[in-house]
Amino acid sequence: MSIHPPDRFTCEEVFARLDDYLDRELTPDELHLVRAHMETCAACAAEYRFEQGVLQGVRQKLQRLAVPDGLMARITARLAAEGGKDAAG
Amino acid sequence: MDDRNGGTAEVAAPAATFEALLEPVLDAAYGTALRFTRNPADAEDLVQEAALLAFRGFHTFQAGSSFRAWFFRVLTNCYFSRYRKQKRQGTELALDDTPELYLYCQTAALGLHARSEDPAAEVMGRLETEHVEAAIAALPEEHRVVASLYFMQDFSYQEIAEMVGVPVGTVRSRLHRGRRMLQQALWAVAADRGIVAALAAVGSEGA
Ligand SMILES: [Zn+2]
């Protein structure tokens, strides 16, 4: 099945795990093999850096948002009203 | 914190405990609700509704476990039960194939990789929050929900699976596919707003 030493990943094997690698969802063994490959393969490393940059950019933009003023106060008021009556089914 | 519970002494303590746990996660909860509902009024309603439901079910929250994960599960369930049956807006993407490395390939085709040290930053630096919001909003619902939970918080696949009520493998495939669709949507927005044209000129300004 495998035509390469089992302690190495090919570019294809790394690419198949790129998403899981970005999400830190690899097993420790796979993580090690992916990292080792990235250290010597500029093409895979460039793809990884690019994908990582896009994810970070998306995350940063989406987390910048304006929460409505007084939202916590309105929730607090509703909870207080809720506390004033018996729990409804 | 301010005690709005006034005369109802016996609920004051749990309400105060609940509110102290809720307040630090409220911004992220609102942001996630906004990605879910794509509408500020519905997002606030959803967060208020989820807060009320969570408060009613607060006795089921296990002290010492993650309140954030617990509350986001309530929020997600609340969205599914109350909001998802509303009319589907017509803006969702209908993509049969979702090519991998879409932005990478598009920017490479522009020659950006030869002209920039950090081509991802060149693209993302030109996109505004509203552009990314528009791209997220264009995702089909099941991908949008998973992607919202993923981008707003650093939840694991397992945590998201528990929130959405699907197997981990389903979360993984929805998230990966959702990200590929998101890249296509981002590129479409970038083309729309003249950003692709600007990227084509990166590195040649000084020439
Ligand atoms: Zn490689």
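The chains referred to below are lettered A, B, ... by the order of the sequence lines, with proteins before strands, and numbering in each begins at 1.
Relative ring orientation between B:Phe61 and B:Trp70 is described as tilted, the plane-to-plane angle lying within the 30° to 60° band.
Both the backbone and the side chain of B:Ser156 have a heavy atom closer than 4.5 Å to some heavy atom of chain A. With a 4.5 angstrom heavy-atom cutoff, B:His131 does not touch chain A via any of its atoms. Of the two parts of B:Ala51, the backbone and the side chain both hold a non-hydrogen atom closer than 4.5 Å to a non-hydrogen atom of chain A. Both the backbone and the side chain of A:Gln63 come within less than 4.5 Å of a heavy atom in chain B. When heavy atoms are compared at a cutoff of 4.5 Å, A:Ala46 approaches chain B by way of both its backbone and its side chain.
In this structure a side-chain-to-backbone donor-acceptor pair under 3.5 Å is present from B:Arg115 to B:Leu110. Of the possible polar contacts, none joining the B:Arg180 side chain to the B:Glu100 backbone as a donor-acceptor pair under 3.5 Å is found. Side-chain atoms of B:Ser116 never come within 3.5 Å of backbone atoms of B:Leu112 as a donor-acceptor pair (strictly under, hydrogens ignored). Judged purely by atom type and a 3.5 angstrom limit, A:Lys61 uses its side chain to pair as donor or acceptor with the backbone of B:Leu127.
Remark: aromatic rings of B:Phe155 and B:Tyr150 are distant, center separation not under 6.0 Å.
Most heavy-atom pairs under 4.5 Å with chain B, from the set A:Ile75, A:Leu18, A:Val58: that is A:Val58. Residue with the most contacts toward chain B among A:Glu47, A:Glu25, A:Gln52: A:Glu25 (heavy-atom pairs, distance under 4.5 Å). Between chain A and the residues B:Arg179, B:Gln183, B:Glu44, the largest count of heavy-atom pairs under 4.5 Å involves B:Arg179.
Sorted pairs that involve residues 51-73 of chain A and meet ring pair (Phe, Tyr, Trp, His ring centres under 6.0 Å), not counting sequence neighbours, are lacking altogether.
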Quiz item: Where do B:Asp154 and A:Arg24 land on the salt bridge (charged side-chain N to carboxylate O under 4.0 Å, His left out) test, with the steps shown first?
Solution: CA-CA 11 Å; B:Asp154 219 9; A:Arg24 302 180 305 280; 3.0 Å; yes
Quiz prompt | From CA spacing to verdict: side-chain contact (heavy atoms from CB on, under 4.5 Å), B:Phe151, B:Leu182 | solution = CA-CA 12 Å; B:Phe151 282 116; B:Leu182 184 66; 3.8 Å; yes
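Within residues 159-176 of chain B, the residues having any heavy atom under 4.5 Å from a heavy atom of chain A are, by residue number, B:Arg172, B:Leu175, B:His176. Of residues 25-36 of chain B, those residues lying under 4.5 Å from chain A by any heavy-atom pair are B:Leu26, B:Asp27, B:Tyr30, B:Gly31, B:Arg35.
Salt-bridge check for B:Arg126 with B:Glu122: passed, with a basic side-chain N closer than 4.0 Å to an acidic carboxylate O. Under the 4.0 Å criterion applied to side-chain N and carboxylate O atoms, A:Arg17 and A:Glu30 are assigned as salt-bridge partners. A salt bridge between B:Arg82 and B:Asp42 is absent, with no side-chain N of the basic residue lying under 4.0 Å from a carboxylate O of the acidic one.
Listed by chain and number, the residues in a salt bridge (charged side-chain N to carboxylate O under 4.0 Å, His left out) with A:Arg78 are B:Glu49 (sequence neighbours excluded).
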